[in-house]
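Accompanying notes for the structure given below.
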Amino acid sequence: MEEKHEECGVFGVYSQENRNVAQTVYYGLYALQHRGQESSGIAVAYADKISYHKGMGLVADVFADGKIEALPEGDIAIGHVRYSTTGASMLLNAQPVVFTGKCGKMAVAHNGNLINTKALRDGLIAQNAVFQTTIDSEVIAVLINSLSDGDIINGVKRACAELKGSYALVIMTCDKLIAVRDPFGIRPLCIGMNDDDVIVASETCALDAVGANLLRDVRAGEIVVIDSNGIHSHMMENIPAQSRMCIFEYVYFARHDSVLDGYSVYEARKEAGRLLAKHYAVEADIVSGVPDSGNVAARGYAEESGIPFVEALAKNRYVGRTFIQPDQGQRESSLNVKMNALRGNVRGKRVVLIDDSIVRGTTMRKIIRLLRDAGAKEVHIRICSPIIKHPCHLGIDIQTYSQLIGAYKDEEQICESLGADSVRYLTVEQLLSTCAGANTGFCLGCFNGRYPYSLEDYEADKHKLD
């Protein structure tokens with residue numbers, strides 16, 4: 001339940017007719033709201049023009065009061081929901097990035113995080129580029145334009161050869177929709193069809209929201225071009241032998257009803273719970289999950305162990321993730337508004353509590369205190385992932401070792417620090433087994449320190465204000 005934020009959610013539609021494509025994107029973004037609640041935006045291509053609206057806050061709020069209806073009808077549209085890992089939290093940095101360049105009007109939306117943003121930006125500024133935002137997504141857009149000879153596809157191919165980091169992109173011109181997934185496929189991206197419309201989205205749950213059927217996932221290192229001639233695939237050069245999707249997509253980020261790279265997120269999480277019960281059993285009266293990310297695994301634990309699943313915590317579902325403030329004191333005090341213990345369910349009980357992961361430990365420590373104050377006799381913590389020992393610069397908002405309780409503590413020390421009766425984690429091998437049905441390899445850098453890109457390539461960037 002501890003908030004781990006990753007870059008964003010993206011959505012695009014290419015229609016065979018002029019219609020209210022912004023409405024389709026709106027529903028798609030609504031389904032992807034869990035991926036970013038800081039800002040959202042939609043851009044529409046029509047009559048060789050691009051119109052857009054962006055704002056701070058949830059999709060429903062940004063496009064309230066007739067703003068979605070005010071966008072013109074068109075045949076292509078893209079959208080974005082954001083949680084910032086690169087660039088400050090402000091309207092200026094909301095996406096899509098829209099501008100006019102060598103290829104005419106263009107819009108770009110990005111999910112991920114580059115590790116060579118500073119070098120790219122400095123090089124472009126040396127070529128007289130001017131930046132309006134502090135986000136790496138604008139760097140991508142300007143780089144594509146600078147390397148283009150007027151052909152957007154050539155610009156994308158050449159830009160991708162320069163980018164290091166995670167990126168799932170939807171790019172729109174006045175006549176094309178382009179989907180791009182980085183050479184390691186670190187962030188998810190899929191393609192769907194709804195009659196003659198082609199849909200691109202971060203997750204399949206967004207395809208379901210607009211009545212589209214999954215066609216396939218965008219492959220690692222693939223550039224998919226959708227235009228009046230159909231769907232065309234181009235592959236980047238020097239593709240790695242194995243894709244390395246962030247395994248936290250299965251553990252936490254993705255919605256549990258999504259299917260990523262051919263495998264159900266729900267099944268992966270339920271299997272994690274089963275494995276916790278099989279390998280790390282404990283005598284208890286009830287098993288519960290930290291809502292919402294721990295609930296599916298908790299049900300798997302209950303089924304495997306025979307211990308009844310009972311809700312131990314109530315969550316205020318009207319409080320978005322962005323309610324959790326970056327200041328540590330605000331983060332801790334806000335938990336009382338977000339979460340409460342169900343006293344009648346936990347009083348006098350030995351509780352097994354399932355969660356996806358522990359980052360700082362501050363939230364889990366307070367949850368344990370809530371349960372004890374409500375009368376829980378014992379609190380045993382079971383975690384659906386290994387100990388997070390290393391930071392991530394590829395899209396998860398874990399930038400330093402100092403943020404991680406697991407960087408310098410083992411299970412026993414973490415248990416003592418949290419005030420739990422016991423704490424057990426899945427191993428890396430056990431976590432990988434929960435995703436054995438996926439058509440992808442995984443990045444495990446936050447667990448074992450081995451990343452697709454060397455962290456020696458990571459450059460601190462004064463423009464990274466978050």
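- When atom types are taken as modelled, the side chain of Asn18 and the backbone of Glu73 share no donor-acceptor pair closer than 3.5 angstrom.
- When every heavy atom of His390 is checked against every heavy atom of Tyr451, the shortest pair comes out as CB-OH, 3.1 Å.
- Between Tyr263 and Tyr250, the ring planes are tilted. Angles from 30° to 60° get that label.
- With sequence neighbours excluded, the residues satisfying salt bridge (Lys or Arg N to Asp or Glu O under 4.0 Å) with Arg424 are Glu411.
- Here side chain to side chain donor-acceptor pair (under 3.5 Å) pairs that include residues 43-55, with residues two or more places apart or in two chains, number zero.
- There is no side-chain donor-acceptor pair under 3.5 Å between Ser385 and Ser357.
- Between the side chain of Gln127 and the backbone N or O of Leu124 there is no donor-acceptor pair closer than 3.5 Å.
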* Derivation of the salt bridge (charged side-chain N to carboxylate O under 4.0 Å, His left out) call for Arg216 and Glu222 -> CA-CA 12 Å; Arg216 64 177 178 86; Glu222 186 179 18; 2.7 Å; yes
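- The only member of Asp217, Asn439, Leu260 that meets side chain to side chain contact (heavy atoms under 4.5 Å, CB included) when paired with Met245 is Leu260.
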* **Residues Ile78, Val25; criterion side chain to side chain contact (heavy atoms under 4.5 Å, CB included); working and verdict** => CA-CA 7 Å; Ile78 67 173; Val25 177; over 6 Å; no
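- Scanning for ring pair (Phe, Tyr, Trp, His ring centres under 6.0 Å) contacts around Tyr167 gives an empty result, with sequence neighbours left out.
- Under the rule for a side-chain hydrogen bond (donor to acceptor under 3.5 Å, both in side chains), the partners of Ser417 that lie at least two apart in sequence or sit in another chain are Arg365.
- The backbone N or O of Ser228 lies less than 3.5 Å from a partner atom in the side chain of Tyr14, making a donor-acceptor pair.
- The stretch residues 98-112 participates, sequence neighbours left out, in no salt bridge (Lys or Arg N to Asp or Glu O under 4.0 Å) pair at all.
- The salt bridge (Lys or Arg N to Asp or Glu O under 4.0 Å) analysis of residues 170-184, with sequence neighbours excluded, yields the pairs Arg181-Asp261.
- Counting non-hydrogen atoms of neighbouring residues, nucleotides and ligands closer than 6.0 angstrom, the CZ atom of Arg299 reaches no more than 12 such neighbours.
- For Tyr425, there are no ring pair (Phe, Tyr, Trp, His ring centres under 6.0 Å) partners, not counting sequence neighbours.
- With sequence neighbours excluded, no residue forms a ring pair (Phe, Tyr, Trp, His ring centres under 6.0 Å) with Phe11.
- Annotation: salt bridge (Lys or Arg N to Asp or Glu O under 4.0 Å) contacts of Arg450 (sequence neighbours excluded): none.
- With hydrogens and angles disregarded, no donor-acceptor distance shorter than 3.5 Å links the side chain of Asn111 to the backbone of Ala168.
- Between Lys118 and Asp136 no salt bridge is recorded (no basic side-chain N to carboxylate O distance below 4.0 Å).
- With sequence neighbours excluded, no residue forms a salt bridge (Lys or Arg N to Asp or Glu O under 4.0 Å) with Asp75.
- Not a single donor-acceptor pair under 3.5 Å links the side chain of Ser148 to the backbone N or O of Asn145.
- In this structure, Asp151 does not pair ionically with Lys157, as no charged nitrogen and carboxylate oxygen lie closer than 4.0 Å.
- Between His256 and Tyr266, the ring planes lie tilted relative to each other; the angle falls in the 30° to 60° range.
- Contact check for Val224 versus Val200: no side-chain heavy atoms found under the 4.5 Å cut-off.
- Considering Glu249, His34, Glu203 in turn, Glu203 is the only one that fulfils the side-chain hydrogen bond (donor to acceptor under 3.5 Å, both in side chains) rule with Ser258.
- Under the 3.5 Å distance criterion, the side-chain polar atoms of Thr204 are matched with a main-chain donor or acceptor of Val259.
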* Asked: Could you walk me through whether Thr117 and Leu120 pass the side chain to side chain contact (heavy atoms under 4.5 Å, CB included) check?
  -> CA-CA 5 Å; Thr117 303; Leu120 292 175; 5.9 Å; no
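- With sequence neighbours left out, Glu138 forms a salt bridge (Lys or Arg N to Asp or Glu O under 4.0 Å) with no residue at all.
- Residues satisfying the ring pair (Phe, Tyr, Trp, His ring centres under 6.0 Å) criterion with Phe447, sequence neighbours excluded, are Phe248.
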